[in-house]
Amino acid sequence: MNKYRSHNCNELRKKDIDLKVSLSGWVNKKRDHGNLLFIDLRDNYGITQCIIDKENTNFSLLEKIQLETVIKVTGRVVDRSDETVNREIETGEIEISIENFEVLGSCIELPMPIFSDQEYSEEIRLKYRFLDLRRKKIHENIILRSKVISFIRHEMNNLGFLEFQTPILTSSSPEGARDFLVPSRLNPGKFYALPQAPQQFKQLIMVSGFDKYFQIAPCFRDEDARADRSPGEFYQLDMEMSFVEQEDVFEIVEKLLLKTFKKFSKKRLMFDRFPRIPYSESLLKYGNDKPDLRNPLIIQDITEIFTREDVSFEIFKKLVKSGSKVRCIVTKNTKNKPRSFFDNIDKWAKEQGASGLAYFTIEKDKQLSGKGPIGKFFSHQSLEALIDLTQAKIGDSIFLACAKERELERITSLARDKIAKDLDLIDENAFAFCWVVDYPMFKKDEETQIIEFSHNPFSMPQGNPDKIDFNKPLDILAYQYDIVCNGIELSSGAIRNHVPELMYKLFSIAGYDKKQVDEKFSGMINALSYGAPPHGGIAPGIDRIVMLLADEKNIREVTMFPMNQNAQDLMMNAPSKIDERQLKELNLILKSKK
RNA sequence: GGGGGUGUAGCUCAGUUGGUUAGAGCGAUCGCCUGUCACGCGAUAGGUCGAGGGUUCGAGUCCCUUCACUCCCGCCA
C-alpha cells in the first residue's frame, strides 16, 4: 500500500462509503465553523471535501493550517445528506471524516491566492510559476498540451514516421532570425548556435534514406516576443518526407490537423479541406499572408475608378497618378449604422497611422448616389462602375483607403479586422484553416533594395529549372506553403531544393557565391551531391496549436515555464551573470556597456 | 530601436477639480460560530501611492526624467 494515499482526490464516490482511506494533497480551502471545519483537499485529479469537528484532538491544529500546505489525511468516507451534496465537484456526494492527519509540506504566506478566478500580473505569475500552475485553468491547459503532443506522436507513428532527435548545439546559419550562441570551451573563439529549426538536419535525414521523419522539436530564435510568440524557444512538429510533392504533404498534414482539432476542441471546423490561397491573392484580399477566414470581409482594388473623369475626389486621384492604389472593403447592408460607427472607424484608422478611412454608403433614390462625407464626389455612372467592380449592393457601405501598395496592405488588413469586430462578423466558435501557397522565392528589401530570400532558401522553385528566368528573380515562385488558422500562422513548409547546381544559382541571386554557400551550408550542400531524394516537409507550431485548442490568446497560457517579454525567466533568474572563472574557461572577455 | 496601456496594502482594485489622518474586497493575525462549499460575524496589523526630480501654501492626483510589466510596430529564412 502506498505510504501517502489509498486514493486520489477525484476518486471516491458513494460506493466507497465507510471505506477507511488516506488522501494526500494541498489545502485548497478551509471553511471554519468554530466547532466544525471543512477542508477542500486538492490534487492533480480533483477536490475532495474533508471534515473534522471539535471532538477530534487534531481539530485545533488543522484549524490553524495554512492554505496550500500539503497534508495527508486518513479517515472514513461518509455520505452527505441531500442538502449538503455539492454538484460542482465530482466527489461531491461524499466527504472524508478526518481521523488523523500529517503535514507533508508546510506553506508560508502566499504571494498570490491559488483558489481564485482573479487575474494576476504576469510578473507575479511568472515569478511564482509553480503556484500559478496549480490554478485550474492553466493546470488544465498544460495537461491538454501533453495530451495533444502524445496524440500527435501516436498519429505520426501510425503514419509510418520515425521520431529522431537532432543536435541542440549546432552551427550558426546566416539566414533567418538572430541565433542564440553558445561559446565553445574546446574551440576558443568559436561558437555553437542553438537551432532555429532542425531544417538542415531533417533534410540530411532524408538524404540518409530514412524516408519519413518527425520530431517534437525545440526551436530557438532570438527575436522579440508577441502574444503568440514566446521569446527564445518554442516547439514545432517538425516533419519531412522523401519522394513527395506538395500535394502529398498537404494530404497528410490536413488530415492530421483536422483529426487533432476535432478530437481536442468542440469548435466547428469551417472547411473539410483547407482552401488554398496564393500569396499574392492573400495580400490583395486580406492585406497579409495570414488571413483570418472567419472574417467574411474582402479587400478589393478599385484604383481604376479613380482614373475616371466623373469622379472628383481629387486627393485620391492625385495620389493614384503618382502611383498609389485605392482599395476598399464593402460592408453589407450598413446604411442604417449610426454616423458614430463610421467616424469611429475613421478615427481608429488615423490612430493606426493612416490618413484615415474614407467611406460612403450607396443609396438609390431616382439615381444611385453616395451618402456620407465623400459620397458627393462620385457620379451615378461611376457608382454603377463601382458596383460592377465590387459586387456591392444598394445599402452597402464602402470603406476606402489610398496609399502605396505596402502601406495600403497594412492599413486595409488592420481595417478588415477592426470593421469585422465592430460589426461582430467573426464566429468565435469556429476554426478556419487555409493554405497560403505560391510564395515568391525572393523579395527586395525596401530600404537596401537588395534581393533576398523571402522565406526559406532551401525551397524548390516552381517550374522547370531549365526554363526559369533567373533575370527576373522576383517572379520566381517557390513550392513554399504556410498553414494559417484564424489569422494565426501555424506552419511553414516547402518542397526542398535537392539539386546542388540549382541551389548555387539561387544563392547567387541572394548574394552568396559558391564558396560562401559551401562554407555556411557545408553539411547540406555536400550531402546533396551524393544522391539526394526529392523531399519536402512542414513544421506546425505546437504551442500555437495548443493555444488555439485551449482557446487562449496568449502563448504563455499554454507554456509551462515561459520567459517574460524581455526574455527573462523570473523564477530561475535567467539569464544571469557568470563568474570570472567560467568566462576565462570560455576565452571570453565582457565589454562593459556604458 | 519606436509607439500605446498599466503601476496605490501580500493579491485584486477604488481614490472626484490638487486640499483633513489614502480606502474596499480577498489574504494574514486574534476572537466568536456544528453543514459549509466564494461559509458567516467582530477586531487588529499591514502603505517609499514603482523610483528620482520639478511646479505649488499643499501632489497618489499636474509636469519632466527613469524603471518594471504588458500590447503593438520593427524583427520573426
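A note on names: the letters A, B, ... follow the listed sequences, proteins ahead of strands, and every chain is numbered from 1.
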NZ/NE/NH1/NH2 to OD/OE distance under 4.0 Å, [X] and [Y]:
X	Y	result
Glu452(A)	Lys444(A)	no
Arg80(A)	Glu95(A)	yes
Arg416(A)	Asp292(A)	no
Glu405(A)	Arg327(A)	yes
Asp482(A)	Lys290(A)	no

Stacked cation flag Lys514(A) on Tyr504(A), 6.0 angstrom / 45 deg =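 That pair qualifies as a cation-pi contact.
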
ask   = Under the 6.0 Å and 45° cation-pi test, does Lys505(A) pair with Phe470(A)?
value =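 Checked: cation-pi criterion met.
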
[X]-[Y] aromatic ring centre distance below 6.0 Å:
X	Y	result
Phe234(A)	Phe220(A)	no
Phe442(A)	Phe453(A)	yes
Phe38(A)	His33(A)	yes
Tyr279(A)	Tyr439(A)	yes

So which nucleotide does [N] pair with, by the Watson-Crick or G-U wobble rule with both distances under 3.5 Å?
N	value
C37(B)	none
U16(B)	none
G74(B)	none
A9(B)	none
G46(B)	none

request  = For Ser508(A) and Asp513(A), indicate whether the former's side chain and the latter's backbone hold a donor-acceptor pair under 3.5 Å.
outcome  =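 No, the answer is negative, given that no donor and acceptor are paired below the 3.5 Å cut-off.
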
task = Please confirm whether the backbone N or O of Asn8(A) pairs with a side-chain atom of Glu11(A), one donor and one acceptor, at under 3.5 Å?
result =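 Answer holds: yes.
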
task = Map Asp224(A) and Lys54(A) onto RNA chain B by nearest heavy atom, then report which one ends up closer to the 5' terminus.
result =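 Final value for this comparison: Lys54(A).
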
5' precedence on RNA chain B between Ala177(A) and Ile51(A) (nearest-nucleotide basis) =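 Taking each residue's closest nucleotide, the earlier one in sequence belongs to Ile51(A).
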
Sticking with atom [atom1], work out how far [N] lies from [M], rounded to a whole angstrom.
N	M	atom1	value
U16(B)	A22(B)	P	15 Å
U8(B)	C49(B)	C1'	4 Å
C72(B)	U55(B)	C1'	34 Å
U12(B)	G52(B)	P	22 Å
C26(B)	G40(B)	C1'	15 Å
G46(B)	G53(B)	P	26 Å
A45(B)	C67(B)	C1'	30 Å
U61(B)	A9(B)	P	15 Å

For a quick check of understanding: with a heavy-atom distance under 4.0 Å over all strands, which category does [X] fall into, base, sugar-phosphate or nothing?
X	value
Pro113(A)	sugar-phosphate
Gln196(A)	nothing
Tyr120(A)	sugar-phosphate
Glu452(A)	nothing
Ser454(A)	sugar-phosphate

request  = Please name all residues satisfying side chain to side chain contact (heavy atoms under 4.5 Å, CB included) with Arg13(A), sequence neighbours left out, ordered by chain then number.
outcome  =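 Per chain and number, Arg13(A) pairs via side chain to side chain contact (heavy atoms under 4.5 Å, CB included) with Asn10(A), Lys15(A), Asp16(A), Glu90(A), Thr91(A).
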
Calculate the interatomic distance between [X] atom [atom1] and [N] atom [atom2]; express it in whole Å.
X	N	atom1	atom2	value
Asp228(A)	C72(B)	CG	P	7 Å
Leu131(A)	G10(B)	CG	P	17 Å
Met112(A)	A9(B)	CE	P	17 Å
Ile124(A)	G27(B)	CD1	P	17 Å
Glu95(A)	U36(B)	CD	P	11 Å
Asp417(A)	C73(B)	CG	P	11 Å
Gln199(A)	C76(B)	CD	C1'	15 Å
Ile94(A)	G35(B)	CD1	C1'	15 Å

remark   = The contact string for nucleotides 65-71 of chain B, one letter per nucleotide 5' to 3', using protein heavy atoms under 4.0 Å with B, S and - for base, sugar-phosphate only and none, comes out as ---SSBB

Using a cut-off of under 3.5 Å, enumerate the N/O to N/O pairs linking the protein to nucleotides 37-41 of chain B.
from: C37(B); atom 1: O4'; to: Arg31(A); atom 2: NE; distance (Å): 3.1
from: C37(B); atom 1: O2; to: Gln49(A); atom 2: OE1; distance (Å): 3.4
from: C37(B); atom 1: O2; to: Asn86(A); atom 2: ND2; distance (Å): 2.8
from: C37(B); atom 1: N3; to: Arg80(A); atom 2: NH1; distance (Å): 3.0
from: C37(B); atom 1: N4; to: Thr84(A); atom 2: O; distance (Å): 2.4
from: C39(B); atom 1: OP1; to: Lys29(A); atom 2: NZ; distance (Å): 3.3
from: C39(B); atom 1: OP2; to: Arg31(A); atom 2: NH1; distance (Å): 3.2
from: C39(B); atom 1: N4; to: Asp32(A); atom 2: O; distance (Å): 2.1

request  = Name every residue in residues 497-519 of chain A that has at least one heavy atom under 4.0 Å from any atom of RNA chain B, in order of residue number, or write none if there are no such residues.
outcome  =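 Heavy-atom cutoff 4.0 Å gives no residues at all.
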
key: side-chain N/O Gln66(A) vs G10(B) OP1/OP2, d < 4.0 Å   =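 For G10(B), OP1/OP2 do not have a side-chain N/O of Gln66(A) under 4.0 Å.
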
inquiry  = How close do Ala420(A) and Leu297(A) get, counting heavy atoms only, and between which atoms?
reply    =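 Scanning both residues, the minimum pair turns out to be N-CD1, 3.7 Å.
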
Tabulate atom names and distances for all N/O pairs under 3.5 angstrom spanning the protein and nucleotides 5-8 of chain B.
none

query = Under the ring-ring contact (aromatic ring centres under 6.0 Å, His included) test, which residues partner Phe214(A), sequence neighbours left out?
reply =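 Checked Phe214(A) against ring-ring contact (aromatic ring centres under 6.0 Å, His included); zero matches.
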
